[in-house]
Structure formats: structure tokens, C-alpha cells
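By convention in this document, chain letters (A, B, ...) are assigned in the order of the sequence lines, proteins followed by strands, and residues within each chain are numbered from 1.
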Protein chains: 2
Amino acid sequence: MKKLSIADIANHLNVSKSTVSFVLNGRAEEKRISKELVSRVEKFVKEVGYTPSPIARGLRTGKSNIIGLMVESISDPFFANIAKLIESRAYKKGYRILYCSTDNDTEKTRALIEVFRERNVDGYIISPPVGVEDEINALTKAGMPVVLFDRSLPNAGADSVEINNESSAFNATRLLIDQGFTNIAFITFSSLLTQMSGRLSGYKSAIEQEGLGVNVLEIDYNPDEDSMIQTVSNYLSENKHIDAVLFGAVQAGICGLKALTELNLKIPEDVAVISFDDHDVFKLFAPPITAISQPIEEIAGRIISLLLERLNPGQSHAVSQKIILNTEFKLRRSHVNKRFLRKAE
Amino acid sequence: MKKLSIADIANHLNVSKSTVSFVLNGRAEEKRISKELVSRVEKFVKEVGYTPSPIARGLRTGKSNIIGLMVESISDPFFANIAKLIESRAYKKGYRILYCSTDNDTEKTRALIEVFRERNVDGYIISPPVGVEDEINALTKAGMPVVLFDRSLPNAGADSVEINNESSAFNATRLLIDQGFTNIAFITFSSLLTQMSGRLSGYKSAIEQEGLGVNVLEIDYNPDEDSMIQTVSNYLSENKHIDAVLFGAVQAGICGLKALTELNLKIPEDVAVISFDDHDVFKLFAPPITAISQPIEEIAGRIISLLLERLNPGQSHAVSQKIILNTEFKLRRSHVNKRFLRKAE
DNA sequence: GTGAAAGCGCTAACAT
DNA sequence: ATGTTAGCGCTTTCAC
């Protein structure tokens, strides 16, 4: 059973390919094709279940109905959830997703953008690594819709969706300060990305405003989790004065909890804890961990809205939009000073 | 800066398109094109950074270098991890991933297979919902490489990679029986899929072999997690004789832990727990939860190997291969009977 | 109102 | 050994 082509349809109906094409693309009226012919074509097409080849169409039009989604790592629960939401919204609009993980590797990302470009993807959703602003700018300059998220590239002129990293970290640090902690550490992955530097500087300004000491541990990301746990564990052992920790990312927080468990340190009695991002682990840990929760649904919603806006050549703004969303504290038990513990129950 | 086409290359070099094409496709020798010409072409191609359009090539050859990956839900950590591993292996072989979540929806999956077919994906990796065996068989009959995983379709003639669900559940149940528990429940998502029925029957045979009572709760999957937690919570409240639970899936296990926490039931003193799949939550819970861990890396590795085998038309076996992998117990504290608790420390 | 034909960029059978 | 050419299936300009 060979797949039908538009020529088969045209032959069968004794009309030309172009007529069929016009009908299929909703240009029948514009071309003043008779109602009668239109319905005859539509009926037959439905009857034999013909659908135009997106590949041939893509070759001709340069459009693909595919959106390229590049995340740091699809196995990260944050990105996996975003991906799921984006996919289902995009699917409803007739777009498919071609996706890949960048591993925050600049070269890999460049190659990936090229791959997507060759495939004529219609739009890009990217959580970019550092150093790809030139490629991004080339894309937007060529009129391609691009939405950045989770972090931004200072010199890239693309739409972006981020959270208020700096004030979130500032407020979280304040929360710990207000609980009376004075030796507060910030533990995170080393990274030049804007979301990380924002979190770091939010932490720092809260600390410095209070005249306290800055304690920062930057972990190099390592696929071998045990080695990262060891790093945190060592740091904590060597800095016994630390009485509270703000973790800058969910993976850092999880490593931290594993390190604290290993060291037999009690939360919050020995060390108070707040972590960026929310996760089942934080909800179920004993005690439950106070978290800075990102509005995942809204992030995904904004991303896809921005992209669709650019995809539909209506009133597309030349200027790029930067959207900053607010986080939400999930206040639980892990940040409460033991002096207040009784009261808090 | 217009993108170059093969014609531009040919003109520049004063040769024909086919010559360039042959060189590019490694058929120079076969076509006895002079070494000199070959290197002249290669040099120029590299110089101007020309890469053939995969779309045009796809239209002509019917190949796309794209693998379609359909998982139940990309936001599920199990599938997200598998996806990550598959993607990186596929990427190295020059394949891109087009992916989507089926939500276990039969109709959606059928439509998705059609979408993939239209796009000429070269191979399919699917964790199938029930009821798509006809579509799968049509694919394999047409010579398309298809690898099923996580569950299989009894009447589908495709390669598959699964774990030994039945014996894993059997052994886990035995483990609880050997600890002296006598009212063991099996809590899982309702599903007609083979992996779930396998787990259920493994549980049942262990229970019945011992003459104990069968206690099964099948939760209807619901995106609203709270309602699922409530279901588990109600069940546990109404069946206070239950002293141990085997959870049939990671999400069920997490819901279960939340319900147990809510009910203030101690693990393992009030209720012992074992869950399918491993997860950070299980490692970090107090006490750590005994889990039946799937060999994620090996699963992904086998999937991609099977697919590549079929993709490279070497000695492709007509007969389909069913691979069954073993799980591994992560023995922790949650399944230990309190009578043995002292000893176990 | 409808159709013929060019062409998107590539591959491969067929000539030479 | 290398070139010519006919498509792959579709869209779209232009002619009737």
C-alpha cells in the first residue's frame, strides 16, 4: 500500500495538483475555486486519508512545524517538567518537538543549533550555556523566533523567561538571618550563568548588609554524584562554624542532604537548610526542607506564549521581551532556629 | 549570506553535482573518481563549511537520521533518565531524537506514530500503551526498526527490553514474608500493561504460596497528586491490619510515603515498605526505603543497540528479540521487621 | 476559476 | 571516470 501523493489525488479527480494544493491550504476562496470542487476534493482527501508530506512541504517552504528544544539536561527534574509542559502546549498547536541536552557544553550547543537550523526548525527554546550569544544573535537577526529560559545571555537580543534569582536568594538569606543564624553558607554549582551569579549576589548582599561572613562553596558538576557529596561533606567538616546553608540548585541541595545525613548532622539543630527549587525529596525529608519554588507551569506557559507570538507573524515586536517571574517560598521546618522550634510546632 | 547548495559547490569546482554527491557520500572509490578530484572537492567543502540539506536528502532517500522516541511521560524520572542516555548514545551515531509523551493514551499514540511515519523517522523507541499492536506490527512489517521497552505488547512482533517484573515482585514479597509480615499489600497504578500485570502476579504468587491474604489497591493515575495520596491514605486507614506494603511504581511509592507521613505511621514499625524503582527520595527518606532498582543504563544501552542493529542492514534477524533484564534490590531499612531491628543496626 | 511548469536540494540510474 | 537528468512531493507564479 503505497502512500498517496498530491498527484494521485489530482489525477483521480481530474484536476491539477495546484488546485488540490490550494484547497488543502485554505486558499480556495482566495483563488475563487468553486464550492463544489472544494468539497469534492475535501471529501476524497478525507476518504483516502491523504496527508501531505511534511518533508516535501518543508523542502519547498522552509517551514517544518518543529520546535527545537535545548535544555541543559533532560534528566534534571526541573527541565523534564518544563519539557513536558512545553511539549503538550506545542503539540496542541501542531508543533512537534525536536529536543536535545546541551550538558552546558558550549561547543555541543553550537553544533546543535546548526543541526536545528539545517532541519529548518521554526523556533528555538534554549536554556543556553555561556558563550553562544553570537549564534543566538545570528538566529534572531535572521528572524528566527528564539526564547531563552532559566538563564539569559547579557548580550543576546532574544526573548527570555527567568525568575528573580537575586531577590529570591536575598530573601532566603534574610530568612536565615532573621532566624538568628550568623554563619550562613551558600553552596552551589560553579557556573558563569546568570541565574547562578544572580543567586550568589543576592546571597552576598544579604550577608554583607548584615556585616556577616561570606561562605561560598562552588561545586564542579560531576556526573559521579558521590564525588560531589564528598566535596560538600569535606567542606562542612572543615567549616564547623557554619550553622545554616542555602543551596543554589536542586541537585546541590540533594547532594547536601546526602552529605548532612552521612555526617549525622541534624537539620535544623546543627545546620539549618534552604534550597532553591522544590522537589519530592524536600517535601518528604525529615524534617521537610524549606524551598524556593519556581513556578514551573507559568515558566512553561510564558515560554510557549512568547514563541507562538513570534511564530505567528502578527504584530511581532522587534524588541525582545525579558520576563522575570517570582518564586515562592515553601516554608517548612528546615530553616527554623532551634530556639524557636517549640513555638513553631 | 545565503546557504550554499550542492550546485554552488559543483559550479565552483566545474564538476557536476553527482560527482560532488558521490564524494560526499563516500562513493568516490566505487565510482572511480580521481584521488585528486576527491581531495579538491573535500577541501572546498570544508573551506566553505558546506553541509548537505538533510531535508532535501530526506525527501530523496526517505531517510531522516531521526529516531522517534515515545515515552509515557518525559517528566517521569525513570523515562527522563532513559531518554537522556538514549539521546547521548544516538547523538554519537549521528541520529537526532524527535520525542513525545504518550500519556498512555492509545489514540494519541496512534496519531503520534502517524506523525513520525510522515516525517520518515528511521526508527522507533516506544513505551507503548495498550492497544497499539496493529500500528506496531504495520511498522515492523514495513521493515521499520521498532524497539519497545518498559512493557511489551503480547501480540506485537517487535524487539523489546524489559525487566523481570514478575520475579522481582515475587522476590520482594518473599523478602517481606521472610521478615515475618503477614498482611502485605500491593499498591500500584491501575493498568493493563504487561509490566504492571507481571508485578501483580509476582506479588500474588508469593502471597498465595504462603497462604496469606491478597490486598491490592489500584490507584487511577491522576495528575492531581493530592487526590492519589488521599486514595492511599484512605486505604491504609481502612485496612489497619496491613503491616507491609509493596509499591508497584516509583510514583506510587512516593504517594505512599506522603500518605504514610500524613497518617503519622512509622516505617517499618507500623508499616514496612518496599518500592519498585529507585529514587533520591528513597535514599534520603528516614528510614531509607528498600527499593527494586532497574538497571537504567543497561536498559538504555540495550534499546539503542537493538535499534542500531536493525538500522544497519547487516544481518538483521527476521525474528524479534525480547530482552529481559534483572533488577537489583537496594536493601535498606524500610523492609526490616522491628523484631530484627536491633540486630540489623 | 483552473492548470502548467518551475524549482526547493539532493541522489542515483543512465549516458557518455 | 564524469556528466546529464529525472525525479522525491510539494507550493506558487504566471498564463489561460
For C/dG9 and B/Arg57 - does any side-chain N or O of the residue sit under 4.0 Å from the phosphate oxygens OP1/OP2? no
Short side-chain N/O contact to D/dC10 OP1/OP2 from A/Tyr50, under 4.0 Å: yes
Closest to the B/Lys17 side chain, choosing from D/dA6, D/dC10, D/dC14: D/dA6
Regarding A/Thr19 and A/Ser16, do their side chains bring together a donor and an acceptor under 3.5 Å, going by distance alone? yes
As a test of reading the structure: which of D/dT11, D/dT4, C/dC10 is closest to the side chain of B/Ser16, going by heavy atoms? D/dT4
Would you mind telling me which residue lines up with the more 5' stretch of DNA chain D, B/Thr61 or B/Ser34, judged by nearest nucleotide? B/Ser34
Give the rounded distance in Å between these two atoms: CD1 of A/Ile55 and C1' of C/dG7. 18 Å
Of the listed nucleotides (C/dA12, D/dT11, D/dG9), which one gets closest to any side-chain atom of B/Arg60? C/dA12
To the nearest angstrom, how far is B/Lys31 atom NZ from C/dA15 atom P? 13 Å
For a quick test of reading the model, state the closest non-hydrogen atom pair linking A/Ala158 to A/Val146 and the distance between them. CB-O, 3.9 Å
Check every strand shown and say whether A/Asp8 touches a base, only sugar-phosphate, or nothing at a heavy-atom separation below 4.0 Å. nothing
Check whether any side-chain nitrogen or oxygen of A/Ser21 sits under 4.0 Å from OP1 or OP2 of D/dT11, and answer yes or no. yes
From CZ of A/Arg32 across to C1' of C/dT2 the rounded distance in Å is 12 Å
From the set C/dC10, D/dG3, C/dT2, return the single nucleotide nearest to any side-chain atom of A/Thr19. C/dT2
Of the nucleotides C/dT2, C/dG3, D/dT2, which one has an atom closest to the side chain of A/Leu37? C/dT2
Quick one: label B/Ser18 by what it contacts on the DNA or RNA (base, sugar-phosphate, nothing), any heavy atom closer than 4.0 Å. base
Please state how far atom CZ in A/Arg27 lies from atom C1' in C/dG3, giving the value in whole angstrom units. 15 Å
Between B/His12 and B/Phe44, what is the ring plane arrangement, given parallel below 30°, perpendicular above 60°, and tilted in between? parallel
If I take atom CG in residue B/Leu59 and atom C1' in nucleotide C/dC10, what distance separates them, rounded to the nearest angstrom? 8 Å
Strictly by modelled atom types, are A/Ser73 and B/Lys84 linked by a side-chain donor-acceptor pair under 3.5 Å? yes
Quick one: B/Ile33 CD1 to C/dA12 P, roughly how many Å, whole number? 13 Å
Measure the distance from CD on A/Glu30 to C1' on C/dG1 and round it to the nearest whole Å. 13 Å
Give the rounded distance in Å between these two atoms: CD1 of A/Ile9 and P of D/dG9. 12 Å
Under-4.0 Å salt bridge between A/Arg110 and A/Glu114: no
